[in-house]
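Here is how names work: the chains are called A, B, and so on, in the same order as the sequence lines, proteins then strands, and each is numbered from 1.
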2 protein chains.
Amino acid sequence: MYRYPYPHPAVATDVAIFTLRDGALAVLLIRRKGEPFEGAWALPGGFLKEDEDLDACAARELSEEAGLSAGVLQHFGNFSAPERDPRERVISVAYFALVSSDRVTPEAGSDAAEARWFAISSLPALAFDHTEIVQRALVALRSGLLTSDILLALLPARFTLSSLQEAFEAVSGEAADKRNFRKRIIGSGIVRESDEFERGSHRPARLYERAV
Amino acid sequence: MYRYPYPHPAVATDVAIFTLRDGALAVLLIRRKGEPFEGAWALPGGFLKEDEDLDACAARELSEEAGLSAGVLQHFGNFSAPERDPRERVISVAYFALVSSDRVTPEAGSDAAEARWFAISSLPALAFDHTEIVQRALVALRSGLLTSDILLALLPARFTLSSLQEAFEAVSGEAADKRNFRKRIIGSGIVRESDEFERGSHRPARLYERAV
DNA sequence: CCAAAAGTGTTACTCGTACACCCATGT
DNA sequence: ACATGGGTGTACGAGTAACACTTTTGG
């Protein structure tokens, strides 16, 4: 038993883990085992341990619950309404993570299991205030798209410019002009050419990789 | 005594309250009364109460410790290193606030007292990790300058474009071109003309006010 | 030879930036 | 009259957005 002269809230991190599935942005949800919200879908998350800081807690949740380490793991907000958890007071420190589609286990127990990817266009009702958390995660994710290299975290180490553009469009929700997109990416210096090509029933596509 | 089966950290908000003094950006610091860091300068802050959320806690700290209500009060980060407070584990949720220079009590007990404004160019050593918190507050504040109306919170309800430009330069640390600055502000629609003028030993300056 | 995606330039427009002089008041 | 800050326009360059056809492979 831990005792304090004043009330202390519990502190947890919740992580919205995004990836691309079939060209659409998807988020990982787990099915809750216990009360409250038993059986409901929720974001993976867990309580802060004594010897770790919040970033480490989020990273641990990511690897424990999803078996992944992310290219991007970023704090975007706190959720602290007094009654958001009916058991006791819980402060939720929210992160979003982006993981490469080639590290995602294809159907990771998707049939009747505990963890599943959901396209963001068709989310179920979520436990607690997690629906709001996901919405806020999307806003934070989109707001930093243009000026950053976070998109690369959604792709394998080598990727075509077309797949990068697909990733951009899946996240931003808007179509982009092919020539302008390529100009911007090449000009920004965040990627460099490799010598390899991806083959298919069409002209081979040059593979690029993260610069530096 | 409050008891929990697992360890719970204390949760507090710390608020970097900025204003303009003599044309320079200044932050409010209080002198600590008790251990640890007794007598050292620190950001105002306090523990989260049971019935308030984090935003309300920060707003309460702002009004309790500074006697002010701010035009802007914005979360910008969490500080959670396990040993950042030697007494017990404390998670600090950090906010910055901007208050109008005309609401600032001119020398608010500044002589030998507990609270004082410090120009950000000459901060003393601070308690805990508060030096880092102030630095991060400045980065967050500056990053949102151009596309927002937060600067208006530093000024009285009516202000001249020159004083707005001074505020911009004090926060950003860089000089701006007068004509371009005015074009941008007028074009953005965040201010509108009033019919009044400020008089001095020069041509009268039109007063503006927040639009909408 | 047909389908499918890759790759490639130019033009128009918008936006940001650099820059200097006259104006209205107080003293 | 002079000192002080207020107020104004233009020209150039950079960056962004619109736009369509040829190339290379697999089937």
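- When the P atom of D:dT25 is taken as reference, atom CZ of A:Arg206 falls 12 Å away, rounded to whole Å.
- Atom pair A:Asp177:CG and C:dG9:C1' shows a separation of 12 Å (rounding to whole Å applied).
- B:Leu164 places its CG atom 15 Å from the C1' atom of D:dG7, with the value rounded to the nearest Å.
- The side-chain heavy atoms of B:Leu123 and B:Thr131, taken from C-beta on, include no pair separated by under 4.5 Å.
- OP1 or OP2 of C:dG7 sits under 4.0 Å from a side-chain N or O of A:Arg182.
- Going from atom CD of A:Glu198 over to atom C1' of D:dT24 covers 14 Å, rounded to whole Å.
- Contact annotation: the side chain of B:Tyr208 never approaches that of B:Leu164 to less than 4.5 Å [non-hydrogen atoms, C-beta and beyond].
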Please enumerate all protein N or O atoms sitting under 3.5 Å from an N or O of nucleotides 1-5 of chain D, with distances to 0.1 Å.
from  : atom 1 : to       : atom 2 : distance (Å)
D:dT4 : O2     : B:Ser201 : O      : 3.2

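- Rounded to an integer number of Å, the gap from CD1 of B:Ile185 to P of D:dG6 is 15 Å.
- The residue from B:Ile150, B:Leu154, B:Leu151 that alone fulfils the side chain to side chain contact (heavy atoms under 4.5 Å, CB included) condition with B:Val72 is B:Ile150.
- Look at CZ on A:Phe181: it is 16 Å from P on D:dA18, rounded to the nearest Å.
- In this structure, B:Arg199 forms no cation-pi arrangement with B:Phe197, as its terminal cationic atom is not both closer than 6.0 Å to the ring centre and no more than 45° off the ring axis.
- Atom pair B:Gln165:CD and D:dG6:P shows a separation of 9 Å (rounding to whole Å applied).
- For the pair A:Arg32 and A:Phe128, the cation-pi test (distance below 6.0 Å, angle within 45°) is failed.
- B:His130 is listed as a side-chain neighbour of B:Arg84, based on a closest heavy-atom distance under 4.5 Å.
- Put simply, the side chain of B:Leu138 does not reach to within 4.5 Å of the side chain of B:Phe96, judged on heavy atoms.
- Mapped onto DNA chain D by nearest heavy atom, A:Arg179 and B:Leu207 fall at different nucleotides, with B:Leu207 at the one closer to the 5' end.
- The distance from atom OH of B:Tyr208 to atom P of D:dG6 is 12 Å, rounded to the nearest whole Å.
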Under 3.5 Å between N/O atoms: give me all the protein pairs with nucleotides 15-17 of chain D, atom names plus distance.
from   : atom 1 : to       : atom 2 : distance (Å)
D:dA17 : N6     : A:Lys183 : NZ     : 3.4

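- Closest approach of B:Cys57 to B:Glu52, counting heavy atoms only: CB-OE2, 3.3 Å.
- You'll find the side chain of B:Arg89 reaches within 4.5 Å of the side chain of B:Ser80, heavy atoms only.
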